[in-house]
Amino acid sequence: MLDIKYIRDNTDLVKANTKNRKIDVDIDRMLMLDEQFRALETKIEELRFERNVASKTKPTPGIIERMKKVGDEVKLLEDEQLPLHEELKALLMQIPNLTHIDVKVSDDEDDNPVVEAFSKPTKFDFEVLDHVQLAQKLDLIEFDKATKVSGAKFYYLKNELALMEFALIGYALDILMKYGFIPFTTPDLAKREVLEGLGFNPRGESTQVYNIEGTDLSLIGTAEITLGGYHADEILDELELPKKYAAVSHCFRTEAGSYSKYSKGIFRVHQFTKIEMFVYCTPENAEGFHKELLNIEKEIFKGLDIPFRVVDHCTADLGGPSYRTFDLEAWMPGKPNKDGVMGDWAEITSTSNCTDYQARGLNMKYKTKDGKKDYLYTLNGTAIAITRAMIAILENYQQVDGTVLIPEVLHKFMPVKKIEVKVKK
RNA sequence: GGAGAGAUGGCUGAGCGGCUGAAAGCGCGUCCCUGCUAAGGACGUAAGGGUGAAAGCUCUUCGAGGGUUCGAAUCCCUCUCUCUCCGCCA
């Protein structure tokens with residue numbers, strides 16, 4: 001969340017930013033609630049002060065009578081204050097983070113400028129198949145069985161593709177270790193307060209989050225949640241920064257309201273495996289680490305030899321906590337573009353600089369040598385999202401003879417170099 | 001799942017209705033003495049909020065939430081977590 005004092009002092013700026021982000025929050029109402037809340041707070045404090053003074057010593061019967069009234073009045077005012085505070089907080093949490101000066105202002109969420117294009121789309125001299133067709137021919141994914149067992153948008157990975165999950169994990173972790181990331185596996189469930197503190201909304205109408213009935217737990221949609229909650233309510237020493245973490249986790253998403261979006265095969269699913277990078281650092285280092293995260297993502301996909309480009313999220317497409325977000329989009333030969341022609345770019349990774357927005361939500365600070373305290377900056381980035389990477393590999397590495405080659409960098413992590421049609425036994 | 005013990009500041013740990021935002025020790029900081037180390041002394045040292053230009057004044061917080069009371073770290077209820085023992089189990 002943003003600092004409410006900042007919003008008070010920079011109301012016009014915050015309003016404009018919120019509008020650019022296409023978020024509809026009644027900021028005037030929030031400020032009005034804030035003012036009422038503080039006015040009540042002052043009254044309550046005066047009464048409590050009176051009571052505290054009286055309570056220092058044994059009171060006379062007269063004072064006891066007076067204090068009974070004071071107590072009742074405090075209670076009354078508190079009851080009046082509570083709903084104000086709740087609405088205020090709810091509104092405050094809806095206000096998105098500030099936006100990097102270089103981010104394109106646009107109200108079209110597809111209007112993300114391409115900032116770097118590294119390679120040309122893969123060329124084929126035969127008719128390409130999409131990953132669903134390839135997976136079927138090569139017996140790599142089971143959709144029908146998954147539907148039977150778990151429902152739509154679930155899948156079983158099978159044969160070489162099941163092995164490839166572990167190979168991709170091994171490959172990506174090797175690179176992350178090189179950059180000094182501490183490897184983690186984390187819980188797949190997290191508390192509501194953690195999700196909310198990080199700027200995820202587990203209860204809204206179009207929530208992406210699965211909640212566990214009868215608990216305050218949610219299935220995580222990304223390890224950003226468990227890595228971001230890791231230092232909740234802590235004050236870190238500046239000397240131990242940065243903290244660079246990388247976690248392998250399952251990710252669960254309801255995909256509510258995403259029916260119109262491209263969702264063939266394993267592109268948009270309820271569950272997948274992902275390695276997430278997360279960095280805690282000081283404000284002045286955040287931009288540098290954002291670049292580093294992006295560079296690592298690029299290194300991973302350059303190594304896999306997948307054509308990709310980098311886009312810079314426009315204001316309409318930025319998530320609430322993000323100050324700036326870059327995506328890697330891979331070339332997916334089997335994905336139809338908006339004109340219905342086969343082949344399109346599709347998101348495979350995303351890295352965000354969340355400045356102090358998440359740290360304020362979870363009360364995470366750092367302390368300098370001279371004892372100054374301030375909120376940490378947090379950044380996150382996808383090292384590899386397994387299903388999306390698999391689509392890119394299958395579709396870009398398909399051969400004229402119907403086989404799929406395994407990227408060379410994965411060879412040391414897998415016992416096969418080529419995916420072939422299985423002989424039925 | 002059953003039985004018991006516990007949860008207090010950066011840490012250890014006292015307090016068990018009012019003078020306790022909290023003894024003592026450790027740690028940390030500033031200064032003094034000594035000055036090669038080691039040791040010694042003085043003072044300071046929780047977080048968050050309101051108000052204020054600031055100094056200051058003030059409120060809240062002793063796992064969380066609720067209750068009793070003029071007054072709660074202290075009493076009552078509920079929950080969460082930790083530890084020990086038993087059971088079960090990958």
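Proteins come first, then strands; the chains are lettered A, B, ... in the order of their sequence lines, and each starts at number 1.
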S.K.: What integer distance in Å separates A:Arg8:CZ from B:G49:P?
M.R.: 10 Å

S.K.: Would you say the rings of A:Tyr280 and A:Tyr377 are close, in the sense that their centroids are separated by under 6.0 Å?
M.R.: no

S.K.: Where the side chain of A:Thr42 is concerned, which of B:C59, B:G50, B:G48 is the nearest nucleotide?
M.R.: B:G50

S.K.: In whole Å, what is the span from the NZ atom of A:Lys75 to the P atom of B:C59?
M.R.: 20 Å

S.K.: Please determine, for B:A46, whether a Watson-Crick or G-U wobble partner exists with both distances under 3.5 Å, and give it or none.
M.R.: B:U61

S.K.: Closest to the A:Glu41 side chain: B:G18, B:G50, B:G48?
M.R.: B:G50

S.K.: Just checking A:Lys69: base, sugar-phosphate only, or nothing, at a heavy-atom cut-off of under 4.0 Å?
M.R.: nothing

S.K.: Looking at A:Arg38, does any N or O in its side chain come under 4.0 Å of the phosphate oxygens OP1/OP2 on B:G49?
M.R.: no

S.K.: Given the C1' atoms of B:U8 and B:U58, what is the spacing between them in whole Å?
M.R.: 24 Å

S.K.: Whole Å only: how far is the CD atom of A:Gln36 from the P atom of B:G50?
M.R.: 16 Å

S.K.: How about A:Phe267 and A:His131: are their ring centres within less than 6.0 Å of each other?
M.R.: no

S.K.: Would you indicate what A:Arg66 reaches in the nucleic acid, counting non-hydrogen atoms under 4.0 angstrom: base, sugar-phosphate, or nothing?
M.R.: nothing

S.K.: With rounding to whole Å, what would you report as the distance between B:A5 and B:C77 at their P atoms?
M.R.: 14 Å

S.K.: For the C1' atoms, the ones on B:C33 and on B:G40, what distance do you get once it is rounded to whole angstrom?
M.R.: 8 Å

S.K.: Expressed as a whole number of Å, how far does the C1' atom of B:C85 sit from that of B:C75?
M.R.: 30 Å

S.K.: With a non-hydrogen cut-off below 4.0 angstrom, is A:Asn52 in contact with a base, only sugar-phosphate, or nothing?
M.R.: sugar-phosphate

S.K.: Evaluate salt bridge (Lys or Arg N to Asp or Glu O under 4.0 Å) for A:Glu35 paired with A:Arg38, printing each intermediate quantity in order.
M.R.: CA-CA 5 Å; A:Glu35 217 172 300; A:Arg38 283 182 292 144; 5.2 Å; no

S.K.: In this structure, how many angstroms lie between the P atom of B:G50 and the NE2 atom of A:His85, rounded?
M.R.: 11 Å

S.K.: Go ahead and name the base partner of B:U34; Watson-Crick or wobble counts if both distances stay under 3.5 Å, otherwise write none.
M.R.: none

S.K.: Take atom P in B:U74 and the same atom in B:G6, then report the distance between them in whole Å.
M.R.: 15 Å

S.K.: Hey, mind stepping through A:Phe184 and A:Tyr230 against ring-ring contact (aromatic ring centres under 6.0 Å, His included) and telling me if it holds?
M.R.: CA-CA 11 Å; A:Phe184 279 90; A:Tyr230 189 76; 5.3 Å; yes

S.K.: For A:Leu362 and B:A47, what is the distance between atoms CG and P respectively, to the nearest whole Å?
M.R.: 20 Å

S.K.: Tell me: CG of A:Leu77 to P of B:C59, nearest whole Å?
M.R.: 16 Å

S.K.: Please report the distance, rounded to the nearest Å, between NZ in A:Lys373 and C1' in B:G29.
M.R.: 13 Å

S.K.: Figure out the CD1/C1' separation between A:Ile64 and B:U69, and round it to whole Å.
M.R.: 10 Å

S.K.: Assuming nearest nucleotide by heavy-atom distance, tell me which of A:Glu46 and A:Met67 is located more 5' along RNA chain B.
M.R.: A:Glu46

S.K.: Working to the nearest 0.5 Å, report the span between CD of A:Glu86 and CD of A:Gln81.
M.R.: 11.0 Å

S.K.: Any salt bridge between A:Glu224 and A:Lys274, counting N to O under 4.0 Å?
M.R.: no

S.K.: Taking the same atom, C1', in B:G13 and in B:G65, what whole-Å distance lies between them?
M.R.: 27 Å

S.K.: Counting any heavy atom closer than 4.0 Å, what does A:Lys191 reach on the DNA or RNA strands: base, sugar-phosphate only, or nothing?
M.R.: nothing

S.K.: Distance between the P atoms of B:G18 and B:G71, in whole angstroms?
M.R.: 14 Å

S.K.: B:G50 phosphate, OP1 or OP2: any side-chain N/O from A:Lys43 under 4.0 angstrom?
M.R.: no

S.K.: Rounding to the closest angstrom, what is the interatomic distance between B:A38 and B:C28 at atom P?
M.R.: 13 Å

S.K.: Now, which nucleotide makes the Watson-Crick or G-U wobble pair with B:G21, with each of the two distances under 3.5 Å?
M.R.: none

S.K.: Between A:Arg253 and A:Glu255 (salt bridge meaning N to carboxylate O under 4.0 Å), is one present in this structure?
M.R.: no

S.K.: Are the side chains of A:Asp327 and A:Ile348 in touch, meaning some heavy atoms are under 4.5 Å apart?
M.R.: no

S.K.: Give A:Lys367 one of three labels, base, sugar-phosphate or nothing, depending on what nucleic acid heavy atoms sit under 4.0 Å from its own.
M.R.: nothing

S.K.: Return the nearest nucleotide to the side chain of A:Glu45; candidates are B:G50, B:C70, B:G48.
M.R.: B:G50

S.K.: Looking only at side-chain atoms of A:Lys365, point me to the closest of B:U58, B:G71, B:G48.
M.R.: B:G48

S.K.: Across all strands shown, which nucleotide pairs with B:G1 by Watson-Crick or G-U wobble geometry, both distances under 3.5 Å?
M.R.: B:C86

S.K.: Searching all strands shown, indicate the nucleotide that pairs with B:U80 (Watson-Crick or G-U wobble; both distances under 3.5 Å).
M.R.: B:A7

S.K.: B:U58, B:G67, B:U60: which one has an atom nearest the side-chain heavy atoms of A:Arg51?
M.R.: B:U60

S.K.: Reading RNA chain B from 5' onward, which residue's closest nucleotide shows up sooner: A:Glu50 or A:Ile63?
M.R.: A:Glu50

